[in-house]
2 protein chains.
Amino acid sequence: MNLQITKPRRGRPPKVSRENQDTKAELIRSGLEQLTESGFASSGIDQILKKVKVPKGSFYHYFASKEAFGQAVIENYANYFANKLDVCLLDESYPPLTRISNFVEGAKIGMIRHQFKRGCLVGNLGQEVDLLPESFRQQLIDIFHCWEHRLANCLKAAQLQGDISKKANCEQLAECFWIGWEGAVSRAKLVQDTKPLENYFNHFIAALPR
Amino acid sequence: MNLQITKPRRGRPPKVSRENQDTKAELIRSGLEQLTESGFASSGIDQILKKVKVPKGSFYHYFASKEAFGQAVIENYANYFANKLDVCLLDESYPPLTRISNFVEGAKIGMIRHQFKRGCLVGNLGQEVDLLPESFRQQLIDIFHCWEHRLANCLKAAQLQGDISKKANCEQLAECFWIGWEGAVSRAKLVQDTKPLENYFNHFIAALPR
DNA sequence: TACATAATAGACTGATCGTCTAGTTAATTG
DNA sequence: CAATTAACTAGACGATCAGTCTATTATGTA
């Protein structure tokens with residue numbers, strides 16, 4: 001599995017050895033951590049670089065600006081999250097509503113693992129969108145639509161199995177779920193407890209039309 | 001203990017009577033605008049001062065630090081908001097559930113008036129609480145409790161009138177409302193539309209146990 | 001071998017940040 | 001009046017911000 005025998009790097013070698021050969025991916029990964037904890041405006045490039053011991057010159061070799069970097073980080077997170085959603089919501093070994101519950105359980109575990117310091121990148125940036133380059137707005141809106149679509153499909157599956165009413169508007173329910181979910185994540189961060197996620201989810205499930 | 005009478009103070013008298021409320025109150029008002037739009041970390045003192053044309057040197061005469069200033073702004077907002085809630089939720093000329101709807105309508109109008117640039121101060125600061133002085137956390141949690149309490153009372157009134165089930169847990173419902181509400185405000189800011197507030201509220205009302 | 005290019009390296013710029021101190025202005029008293 | 005003291009302010013301070021610049025060292029290609 002470990003084919004590190006890839007081509008030798010071109011260019012000047014790093015002074016300190018890095019774990020990853022792919023500096024750009026390392027920067028995005030580090031940026032994802034930082035932005036998920038601190039948002040965009042409050043995250044300094046220097047700090048992101050420091051964590052992976054990459055000099056500043058390299059940053060502007062790989063990214064045209066902080067804005068371009070931010071977009072790359074968002075895109076990376078969107079892909080990661082969409083995949084996570086698919087893993088949960090398309091898992092046919094569970095009934096549809098249980099799959100949603102599985103997603104919530106995963107989120108709870110994740111927040112505990114990061115000691116409630118990391119929320120949702122999309123929610124964080126959505127909050128500060130007015131301070132950000134305008135290009136971020138549509139990017140974030142599109143991501144929410146993507147999530148809504150995936151959740152709506154899962155709800156429709158529940159509908160087919162008769163777990164929720166045939167008359168339910170699954171798209172609208174999915175939209176409502178994510179709207180409130182961001183509030184729940186934010187609150188969980190604030191009180192440093194998973195209860196808000198739990199309460200919110202239970203309320204959502206109980207409110208589904210049967 | 002009380003021997004301050006024996007020695008009459010010389011020099012320019014302190015403005016104990018006025019405490020120069022003008023300048024200080026102006027700073028808090030300007031800070032409220034700024035922090036509601038940009039959060040705490042991204043709000044510069046200079047900009048807040050500039051808007052009310054108070055020189056920079058004066059800031060640290062009125063406030064010990066940016067942290068202390070932030071706390072004053074939060075307190076101010078909490079009072080303002082609690083009062084707004086009381087005006088809506090205690091208005092007995094409407095049935096209880098309609099009072100909640102009135103609050104939501106007011107929020108929608110407010111967001112339109114500020115062109116979706118201002119969200120909820122408590123929600124904003126809750127999002128970035130890990131970057132803030134630790135004292136902010138409990139302050140924000142307490143404010144949410146205050147809101148929960150007020151909303152729970154209104155829901156109980158609805159219960160008495162038979163609008164919702166006697167078995168409903170009003171405290172928990174109220175908690176859920178505010179958890180999701182912050183997400184709805186954030187989303188409304190993002191998409192620059194009141195629909196998220198509307199959808200969220202409709203879903204909440206429809207989900208109440210009857 | 002020669003040259004172009006990829007990548008690292010980090011000092012540097014100018015702006016802005018929160019904070020602080022040394023000062024000025026004004027009111028009161030001896 | 002002059003001394004005293006509080007109210008208030010101007011501007012300096014070091015830190016840090018995003019971003020630029022030049023130099024250096026490696027590989028790829030001709």
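Every chain is numbered from 1 and lettered A, B, ... according to where its sequence line falls, protein lines coming before strand lines. These numbers were taken from a predicted model, which means no experiment stands behind them.
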For B:Phe59 and C:dT21, what is the distance between atoms CZ and P respectively, to the nearest whole Å? 16 Å
Whole angstroms only, please: what is the CG-C1' distance between A:Asp22 and C:dA6? 14 Å
Let's test your reading of the model: under 3.5 Å, does the base of D:dA18 pair with the side chain of A:Lys56 as donor and acceptor? yes
Whole angstrom value for the distance that separates P of D:dA10 from CD1 of B:Ile45: 16 Å
Respond yes when some side-chain nitrogen or oxygen of A:Thr23 is under 4.0 Å from OP1 or OP2 of C:dT8, and no when none is. yes
OP1 or OP2 of D:dT9 sitting under 4.0 Å from any side-chain N/O of B:Ser58? yes
With respect to the phosphate group of C:dT19, does any side-chain polar atom (N or O) of B:Tyr60 fall under 4.0 Å of OP1 or OP2? yes
Measure CZ/A:Phe69 against C1'/D:dG19 and give the value in whole Å, please. 15 Å
What's the shortest heavy-atom distance between B:Glu67 and B:Ser135, and which atoms? OE2-OG, 3.0 Å
Round to the nearest Å and state the distance from B:Lys50 atom NZ to C:dA15 atom C1'. 13 Å
Any B:His61 side-chain N or O less than 4.0 Å from OP1/OP2 of D:dC8: yes
Among B:Phe201, B:Tyr94, B:Trp147, B:Trp178, the one residue meeting ring pair (Phe, Tyr, Trp, His ring centres under 6.0 Å) with B:Phe103: B:Trp178
Is B:Ser43 touching bases, backbone alone, or none of the nucleic acid, heavy atoms closer than 4.0 Å? sugar-phosphate
Using a heavy-atom cut-off of under 4.0 Å over every strand shown, decide if A:Gly57 touches base, sugar-phosphate, or nothing. base
Considering only side-chain heavy atoms of A:Lys66, which listed nucleotide, C:dA7, D:dG19, D:dC17, is closest? D:dG19
Testing the basics here: between A:Ile143 and A:Ile74, what is the closest heavy-atom pair and its distance to 0.1 Å? CD1-CG2, 3.5 Å
Is there a side-chain contact between B:His149 and B:Asn153 in this structure, where contact means two heavy atoms from C-beta onward sitting under 4.5 Å apart? yes
Of all the choices, D:dC8, C:dG10, D:dG19, which nucleotide is nearest to the side chain of A:Pro55 once you look at every atom? C:dG10
Listed nucleotide nearest any side-chain atom of A:Tyr62, set C:dT19, D:dC17, C:dT8: C:dT8
Roughly how many Å is it from CG in A:Asp46 to P in C:dC12, rounded to a whole number? 15 Å
Roughly how many Å is it from CD in A:Glu67 to P in D:dG19, rounded to a whole number? 9 Å
From CG of B:Leu49 across to C1' of D:dC8 the rounded distance in Å is 13 Å
Is the ring centre of B:Phe136 less than 6.0 Å from the ring centre of B:Phe40? yes
Residue whose nearest DNA chain D nucleotide is more 5′ - A:Phe40 or B:Val54: B:Val54
